[in-house]
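Reading through the structure tokens given below for one structure.
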Protein chains: 2
Amino acid sequence: MTLEKTPKPTESELEILQVLWQHGASTVRLVHEELSKTKEVGYTTTLKLMQIMAEKGMLEADKTSRSHIYRPLLEEEKTQQQLLDRFMDAAFRGSASKLVMQALGNSNTSKEELNEIRNLLDKLEGGNK
Amino acid sequence: MTLEKTPKPTESELEILQVLWQHGASTVRLVHEELSKTKEVGYTTTLKLMQIMAEKGMLEADKTSRSHIYRPLLEEEKTQQQLLDRFMDAAFRGSASKLVMQALGNSNTSKEELNEIRNLLDKLEGGNK
DNA sequence: TTCCTTTTACGAAAACATTCGTATATACTT
DNA sequence: AAGTATATACGAATGTTTTCGTAAAAGGAA
């Protein structure tokens with residue numbers, strides 16, 4: 001089995017991935033327009049970043065038409081999990097419960113979402129000592 | 001009220017803060033020894049980082065004795081909250097529940113901790129629609 | 001004192017990440 | 001076809017973070 005090094009998207013790369021995860025495969029133009037909603041950034045900057053990401057194997061470019069279409073090669077949930085693991089270690093010394101408590105305590109989560117979490121807790125308590 | 005810019009410790013800086021939060025004010029030597037347990041790093045590298053952090057106002061150095069003693073000026077919980085907010089936006093598009101579900105689903109959290117979280121949920125459901 | 005060890009000071013290199021100017025190609029409009 | 005708009009290619013500048021070599025200062029041991 002080949003050792004797969006876990007990719008570590010930078011902050012800017014993650015922004016781009018988010019757009020692609022949300023919208024599906026897209027042109028640089030579309031991604032750039034989405035990013036422009038939140039921050040000032042030049043078109044060629046976005047282009048360059050996406051080209052670099054393609055080199056790194058995070059994206060794949062379909063070059064058949066003039067406007068290349070980029071598709072994310074990283075799965076959203078898997079990537080989130082990897083980022084989360086790293087973040088939990090770095091910021092909370094690995095304590096999931098501390099992280100969760102702070103995440104819940106300081107954000108308005110809807111009743112529905114809280115219920116979802118409660119259900120997960122029920123399921124988990126089954127298997128834990 | 002003076003505008004307090006939220007500090008953004010880098011990854012290395014955060015590692016140092018963790019040591020100081022855990023052990024309390026310490027010398028470069030101690031911090032360096034702790035870091036060395038997990039990774040290869042030169043002593044002067046650690047020193048330099050801590051000096052930079054002092055310049056930035058993250059640490060305060062007591063220079064009365066030859067081995068300076070560094071004290072963290074950032075509060076642990078407050079800093080964690082700020083990092084968490086940023087991370088939640090960047091990696092989970094701001095969804096606390098998604099983050100929480102993934103954090104719980106993929107880590108063995110003890111029954112006691114799960115109960116703590118359940119209690120928090122109970123308290124939260126009171127105030128939410 | 002002299003030698004050895006530990007510490008801080010300083011500056012610069014190395015490694016990454018981000019940004020963008022300019023050139024060139026491709027398509028669209030008139 | 002000529003002119004305009006939009007795309008990619010390329011390379012380099014800029015910015016940030018991390019690393020460490022070297023020197024000087026301070027302290028301890030012989």
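Values below: all heavy atoms of this structure, side chains included; hydrogens, waters and symmetry mates excluded. Since we're looking at a predicted model, the values are computed, not measured. Throughout, a chain's letter reflects where its sequence line sits, starting with A, and its residues are numbered from 1.
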Phosphate contact (D:dT8 OP1 or OP2) by A:Y43 side-chain N/O below 4.0 Å: yes
By the 4.0 Å heavy-atom rule, please label A:S67 as base, sugar-phosphate, or nothing. sugar-phosphate
What is the separation between atom NZ on B:K63 and atom C1' on D:dG27, rounded to the nearest whole Å? 19 Å
Whole angstrom is fine here: how far is it from CD1 in A:I69 over to C1' in D:dT8? 15 Å
Are B:L99 and A:M101 connected in a single hydrophobic cluster, I mean Ile/Leu/Val/Met/Phe/Trp/Tyr linked by side-chain heavy atoms less than 4.5 Å apart? yes
base_contact_polar (C:dT6 base, B:R66 side chain, donor-acceptor, <3.5 Å): yes
Pair B:E11 + B:K39, salt bridge at N-O below 4.0 Å: no
Given atom NZ of B:K39 and atom C1' of D:dT18, what is their separation to the nearest angstrom? 8 Å
Nearest-angstrom distance from the residue atom CD of B:E15 to P of D:dT17: 15 Å
Take B:K8 and A:R29, find for each the nucleotide of DNA chain D with the closest heavy atom, and name the residue whose nucleotide sits nearer the 5' end. A:R29
Between D:dG21 and B:K48, counting only base atoms on the nucleotide and side-chain atoms on the residue, is there a donor-acceptor pair under 3.5 Å? no
Which sits closer to the 5' end of DNA chain D, B:K56 or B:G42, going by the nucleotide each is nearest to? B:K56
Whole-Å distance between D:dT19 P and B:L47 CG? 14 Å
How many Å lie between OH on A:Y70 and C1' on D:dT8, as a whole number? 8 Å
I need the CD1-C1' distance between B:I52 and C:dT8, as an integer number of Å. 14 Å
For A:T45 and C:dC20, is the shortest distance between a side-chain N/O and OP1 or OP2 below 4.0 Å? yes
Distance test, side-chain N/O of B:Q51 to OP1/OP2 of C:dT8, below 4.0 Å: no
Would you tabulate the side-chain donor-acceptor contacts of residues 68-78 of chain A under 3.5 Å, counting partners in other chains and residues two or more places apart, or write 'none'?
from: A:R71; atom 1: NE; to: A:E60; atom 2: OE1; distance (Å): 3.3
from: A:R71; atom 1: NH2; to: A:E60; atom 2: OE1; distance (Å): 2.8
from: A:E76; atom 1: OE2; to: A:Q80; atom 2: NE2; distance (Å): 3.4
from: A:E76; atom 1: OE2; to: B:R93; atom 2: NH2; distance (Å): 3.2

Can you measure A:E33 atom CD to D:dA7 atom C1' for me and round it to whole angstrom units? 14 Å
In terms of ring plane angle, is the pair A:H32 and A:Y43 parallel, tilted or perpendicular, where the classes change at 30° and 60°? perpendicular
CD/B:E125 to CG/A:N115 distance, rounded to the nearest 0.5 angstrom? 5.0 Å
Applying a 4.0 Å non-hydrogen cut-off, can you work out what B:T10 is touching in the nucleic acid: base, sugar-phosphate, or nothing? sugar-phosphate
Once you apply a heavy-atom cut-off of 4.0 Å, does A:S12 come out as touching a base, just sugar-phosphate, or nothing? sugar-phosphate
